Amino acid sequence: MTEQLPQRPRRTLRSRLLSVTGAAVLVTVVGSVLIWHTQLGEFLSPEADKEPVVSGLNAPGVGAPPPPTKLATGSPANQPTRGPSSAPTKAPKSEPTKPGSTKPTTPAPTKPAPTKSPKSTPTAEYGEQNINALSPKLRARLKKAIVAARADGVRIQINSGRRSTAKQQRLFDDAVKKYGSAKAASRWVLPPKYSAHVQGKAVDIKPAAAMQWLDKNGWRFGVCRRYDNEPWHFEALTAPGTKCPPREPHSVAKK
């Protein structure tokens, strides 16, 4: 004995069409919701704030990548560049100066004053007890004689070298008072215009040992004793290595 199953009711064509239509509508609604949800998410996302929306013709669509930007380049003449080579330099000559105004100039270094020449007029500060103010010829010869005398154990000291005209005149006036006349005084002290001391061509030395040494050896250097009555008085009277001329008894004011 078999059991008979109940027969399923048959659907009509209309019900089937309604089912298909409903499914299509449902799919459409779900798709629209998904699309709307996607667009709303893109609109509310942070990246949307970063992309400006530009309206107008030929404008790129929303979400499209921005066109690449090119750096503006130009020649050095059109576009200034920063750098040591392009920095403008100020030339001192191009700076305008105000009328009547002058720029302070740095003074040029001054050279030390040259040594007084023997021909210059001596002053009270010339240093009478040295050979600096003597004539070049007598000074050079006397230097060599001083070195040679020192080697022999004798020290030559300068008692009176070049004298000023005022001092020579004072010495002559004192001699006139001492000896009673200008003629007698001239045997020891000459007036300024005849004195070799004023010209830097005579020197009086000391002590006695130096006088004796130079009187004996002075010819080797061209330095000679001139007067018999003045063993301290020496002048450059001959060439070095040449015999000295005969001594004079005393000085005379030759006219």
Side-chain angles (χ1 to χ4, degrees), residues 112-240 244-245 247-255:
T115 308
K116 292 182 180 179
S117 109
K119 295 182 180 180
S120 60
T121 304
T123 60
E125 294 81 14
Y126 58 86
E128 184 180 343
Q129 294 182 343
N130 56 57
I131 64 175
N132 295 336
L134 297 177
S135 66
K137 181 171 67 174
L138 179 58
R139 182 173 64 249
R141 296 181 180 183
L142 196 58
K143 282 183 178 180
K144 296 179 180 180
I146 291 174
V147 173
R150 187 182 297 114
D152 291 342
V154 178
R155 182 183 178 188
I156 298 178
Q157 302 180 34
I158 308 301
N159 189 41
S160 180
R162 186 170 190 148
R163 299 174 187 161
S164 64
T165 302
K167 182 171 183 178
Q168 188 68 24
Q169 184 65 49
R170 185 170 65 252
L171 293 176
F172 179 73
D173 293 341
D174 293 343
V176 171
K177 294 178 183 179
K178 181 178 180 179
Y179 297 106
S181 67
K183 184 178 180 179
S186 296
R187 294 181 179 182
W188 300 96
V189 182
L190 290 173
K193 62 180 179 179
Y194 303 115
S195 174
H197 282 283
V198 176
Q199 301 173 14
K201 297 180 179 181
V203 62
D204 295 345
I205 65 172
K206 63 180 182 180
M211 301 175 196
Q212 295 174 3
W213 187 94
L214 194 57
D215 186 18
K216 180 181 179 180
N217 301 282
W219 64 272
R220 295 159 48 192
F221 311 97
V223 179
C224 304
R225 175 181 169 185
R226 183 169 183 176
Y227 305 120
D228 285 335
N229 65 334
E230 295 184 18
W232 55 81
H233 184 101
F234 291 85
E235 299 180 24
L237 301 177
T238 187
C244 291
R247 291 195 297 264
E248 301 175 27
H250 52 75
S251 59
V252 177
K254 298 178 181 180
K255 297 182 180 180

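Predicted model only: the values in this text are computed from it and were never measured. Here, residue 1 is the first one in the sequence, and each next residue gets the next number.
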Donor-acceptor contact below 3.5 Å, side chain S195 vs main chain P191: no
Mind checking the CG-CD1 spacing from L214 to I205? Nearest 0.5 Å is all I need. 4.5 Å
Rounded at 0.5 Å granularity, tell me how far OG in S160 sits from CH2 in W232. 11.5 Å
Side chains of V189 and D174, heavy atoms from C-beta outward: is any pair under 4.5 Å? no
Quick one: closest heavy-atom pair of A182 and V176, and the distance? CA-CG2, 3.9 Å
Quick check for you: to the nearest 0.5 Å, what is the distance between E128 atom CD and L134 atom CG? 10.5 Å
Sorted by first residue and then second, give each salt bridge (charged side-chain N to carboxylate O under 4.0 Å, His left out) pair with at least one member in residues 223-232; sequence neighbours left out. D215-R225, R226-E235, R226-E248, D228-R247
Please, which pairs that meet salt bridge (charged side-chain N to carboxylate O under 4.0 Å, His left out) have at least one residue in residues 182-206, sequence neighbours excluded? R163-D204
Residue pairs meeting disulfide (SG to SG under 2.5 Å), one or both in residues 131-168, sequence neighbours left out, come to none
Results of side chain to side chain contact (heavy atoms under 4.5 Å, CB included) for A184 - residues two or more places apart only: Y179, S181
Spatial distance of atom CG (N130) from atom CZ (R139) [nearest 0.5 Å]: 10.0 Å
Could you measure the distance from the CH2 atom of W188 to the NZ atom of K178? Nearest 0.5 Å is fine. 8.0 Å
Partner residues of R155 under the side chain to side chain contact (heavy atoms under 4.5 Å, CB included) criterion, sequence neighbours left out: Q157
Could you work out, with side-chain hydrogen bond (donor to acceptor under 3.5 Å, both in side chains) as the rule, every residue matching W213, not counting sequence neighbours? D152
From CZ (R141) to NZ (K137), nearest 0.5 Å: 5.0 Å
Show me the pairs that pass disulfide (SG to SG under 2.5 Å) and involve residues 175-223, at least two apart or across chains. none
Is a side-chain N or O of H197 found less than 3.5 angstrom from the main chain of Q168, in a donor-acceptor match? no
Residue set satisfying side-chain hydrogen bond (donor to acceptor under 3.5 Å, both in side chains) with D173, at least two apart, ordered chain then number -> Q169
Which pair of heavy atoms, one from S164 and one from V198, lies closest together, and at what distance? O-CG2, 4.3 Å
Aromatic ring centroids of Y227 and H233 under 6.0 Å? yes
Can you name the side chain to side chain contact (heavy atoms under 4.5 Å, CB included) partners of C224, sequence neighbours left out? L237, T238, C244, P245
side-chain hydrogen bond (donor to acceptor under 3.5 Å, both in side chains) involving N217 - partner list, sequence neighbours excluded: R220
Name all residues meeting the ring pair (Phe, Tyr, Trp, His ring centres under 6.0 Å) criterion together with F172; count only those two or more places apart in sequence or in a different chain, and write none if there are none. none
Would you name the heavy atoms of A145 and I156 that are closest together and state the gap between them? O-CD1, 4.0 Å
Closest heavy-atom pair, L190 versus A253, reported as atoms and distance to 0.1 Å, is CD2-N, 3.5 Å
Here the pair of heavy atoms bringing L142 nearest to V223 is N-CG2, 4.4 Å
Heavy-atom closest pair, residues A202 and L138: N-CD2, 3.7 Å
Pairs touching residues 166-209 that satisfy disulfide (SG to SG under 2.5 Å), sequence neighbours left out: none
